[in-house]
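Because the structure is predicted, anything quoted here is derived from the model rather than measured. Below, chains carry the letters A, B, ... as their sequence lines are ordered, and counting in each starts from 1.
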There are 2 protein chains.
Amino acid sequence: MSPQPEVTMAQRKRQLVANELSEAALQLLALKGFDTVTIDEIAATAGVSKRTFFRYFASKEDVVVQFLADMGTGMRAVLASRPIEEQPSASLQHTVWVSMAACADHSDRALRVVQLILRTPALRARFLERQDQWRDDLAAELAQRLGLDPDTDLYPQLAAGMALTAFDAVLQRWSGSDGAEDPAELTDRAFATIAPALDSVE
Amino acid sequence: MSPQPEVTMAQRKRQLVANELSEAALQLLALKGFDTVTIDEIAATAGVSKRTFFRYFASKEDVVVQFLADMGTGMRAVLASRPIEEQPSASLQHTVWVSMAACADHSDRALRVVQLILRTPALRARFLERQDQWRDDLAAELAQRLGLDPDTDLYPQLAAGMALTAFDAVLQRWSGSDGAEDPAELTDRAFATIAPALDSVE
DNA sequence: CCTTCAATGGCACTCGGTGTCAAGCAGTTA
DNA sequence: TAACTGCTTGACACCGAGTGCCATTGAAGG
């Protein structure tokens with residue numbers, strides 16, 4: 001009768017502590033501001049020690065930004081899954097659209113997190129850092145798809161940068177409207193502006 | 001007989017200490033890596049105390065990134081100085097071109113600094129932060145020039161983002177080639193790709 | 001000569017972050 | 001039940017970044 005449910009109890013407990021920590025951090029940071037809240041405070045609220053906090057998260061910023069971790073590899077995977085015949089603008093638009101949809105899905109938590117990130121300089125900096133890595137990933141994938149040499153052609157890097165510029169703009173509007181504006185429609189509008197540059201390669 | 005040469009000796013000394021600090025930091029950081037060098041070390045090399053270091057620079061990253069400080073306001077000023085009839089792509093291209101030219105001018109120092117920034121994660125993060133502010137500035141200037149409402153139109157933000165994407169790509173190539181590639185030519189190529197999107201507004 | 005003011009150095013302190021170690025506890029084997 | 005193993009935890013010491021405070025110095029100025 002399910003002696004080993006594939007996940008040991010230790011693993012479940014670990015996940016539980018991570019959630020506890022994450023939730024405590026989010027609440028405190030949103031309430032009191034990023035730099036007035038100490039890690040001891042967060043850890044104490046979650047009922048663990050400061051040392052344990054750092055066994056789950058690498059830094060104070062990471063508690064908030066961590067949920068964006070695999071979004072980068074996710075974006076590259078989505079882009080890679082598009083048909084090769086598709087126009088770059090369409091492939092990239094779909095890629096951004098999927099990420100926005102992921103946010104809008106659990107908009108309860110995602111919206112709070114995004115708003116906190118965008119209005120907190122230290123967190124926004126980490127977010128930009130992540131985006132920078134995503135750009136490299138997308139550029140590499142684009143170069144491969146189009147058979148371009150990323151060392152001579154500027155296109156992959158520029159196209160990836162434009163797509164993420166669109167993503168950033170859409171995310172900003174979406175969070176600025178408290179989730180009221182439609183992510184899909186915003187994405188459409190942004191790519192309507194950008195597309196002429198993305199597809200101008202022959 | 002110029003009793004007050006407009007600059008007091010205290011001011012000159014201040015500038016001198018700043019240079020000393022900046023030079024010591026650049027040399028040590030490039031030599032030993034960003035995180036293995038302590039601020040005490042930098043200060044000692046420059047012949048001052050750690051406390052004095054923080055009277056000149058807000059953080060360890062600032063010693064390196066500081067020289068980019070007014071580049072942002074500079075870019076906005078350049079954009080604002082372009083004739084209004086000019087196509088946005090041309091105005092923005094010129095704006096980026098001026099910044100690159102500023103780098104290429106004192107390429108002795110600028111190249112070292114840029115290379116250090118781009119290959120050091122902590123410094124690159126600060127650089128991205130700065131760029132983020134520049135984007136806001138450029139977007140605001142664009143919106144004003146074109147009579148657009150930045151709260152409804154996505155164009156200003158997107159156009160500014162694309163221009164800075166181009167700037168980033170060009171800077172990366174330039175520093176990657178140790179200054180061998182021509183900044184002006186790189187800028188031309190980048191904007192050749194981007195321009196169709198920038199001028200598609202009617 | 002005396003005053004004023006800015007720059008400095010030293011010191012103590014907070015906080016983020018890390019290495020280390022001993023203790024607690026689940027699961028396993030005898 | 002006892003012993004062993006492996007993982008998680010808390011406590012402690014420690015380092016470096018960054019700040020507040022105060023006493024000292026030295027240049028400028030009356």
>> Measuring from atom CG of B:Leu116 to atom CG of B:Leu31, what distance do you get when rounded to the nearest 0.5 angstrom?
In response: 11.0 Å
>> Rounded to the nearest 0.5 Å, what separates atom CD1 in A:Ile84 from atom CD in A:Gln144?
In response: 11.5 Å
> Among pairs that include at least one residue of residues 15-31 of chain B, which meet salt bridge (Lys or Arg N to Asp or Glu O under 4.0 Å), considering only residues two or more places apart or in two chains?
Replying inline: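 Passing the test, one end in residues 15-31 of chain B: B:Glu23-B:Arg109, B:Glu23-B:Arg112.
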When you compare the protein's N or O atoms with those of nucleotides 5-7 of chain D, which come within less than 3.5 Å of each other, and at what distance?
none

> For the side chain of B:Asp62 and the backbone of B:Phe57, is there at least one donor-acceptor N/O pair under 3.5 Å apart?
Replying inline: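 A pair under 3.5 Å: no.
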> Donor-acceptor pair, B:Ser22 side chain versus B:Ala18 backbone, under 3.5 Å?
Replying inline: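 Side chain of B:Ser22 to backbone of B:Ala18, a donor-acceptor pair under 3.5 Å: no, none is there.
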What does the list of N/O pairs under 3.5 Å between the protein and nucleotides 11-18 of chain C look like, with a distance for each?
residue	atom	partner	partner atom	Å
C:dG16	OP1	A:Lys60	NZ	3.1
C:dG16	OP2	A:Ile39	N	3.3
C:dG17	OP2	A:Lys60	N	3.0
C:dG17	N7	A:Lys50	NZ	3.1
C:dG17	O6	A:Lys50	NZ	2.9

> Does the side chain of A:Leu128 come within less than 4.5 Å of B:Asp132's, by heavy atoms?
Replying inline: yes
> Any side-chain heavy atom of B:Phe191 sitting closer than 4.5 Å to one from B:Leu198?
Replying inline: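 Yes; the side chains approach each other to less than 4.5 Å.
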> Do the side-chain N or O atoms of A:Tyr56 get closer than 4.0 angstrom to the phosphate oxygens (OP1, OP2) of D:dT8?
Replying inline: no
> Are B:Thr52 and C:dG9 close enough that a side-chain N or O sits under 4.0 Å from OP1 or OP2?
Replying inline: yes
>> With the threshold set at under 4.0 Å for non-hydrogen atoms, list the residues of residues 13-32 of chain A touching DNA chain C in residue-number order.
In response: none
Kindly list each side-chain donor-acceptor pair under 3.5 angstrom involving residues 159-174 of chain A, sequence neighbours excluded, with atom names and distances?
residue	atom	partner	partner atom	Å
A:Thr165	OG1	A:Gly161	O	2.9
A:Asp168	OD2	A:Arg124	NH2	3.3
A:Asp168	OD2	B:Arg135	NH1	3.1
A:Asp168	OD2	B:Arg135	NH2	2.7
A:Arg173	NH1	B:Asp151	O	3.3
A:Arg173	NH2	B:Pro150	O	2.8
A:Arg173	NH2	B:Asp153	O	3.1

List, one per line, each side-chain donor-acceptor pair under 3.5 Å for residues 39-49 of chain B, sequence neighbours excluded.
residue	atom	partner	partner atom	Å
B:Glu41	OE1	B:Thr38	N	3.3
B:Glu41	OE2	B:Lys32	NZ	2.5
B:Thr45	OG1	B:Glu41	O	2.9
B:Ser49	OG	B:Arg51	N	3.4
B:Ser49	OG	B:Thr52	N	3.3
B:Ser49	OG	B:Thr52	OG1	3.3

> Just how far, in rounded Å, is P of C:dA6 from CZ of B:Arg12?
Replying inline: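 Answer to the nearest Å: 18 Å.
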> Quick one: is the NZ or CZ of A:Arg14 closer than 6.0 Å to the six-membered ring centre of A:Tyr56, and within 45° of its axis?
Replying inline: yes
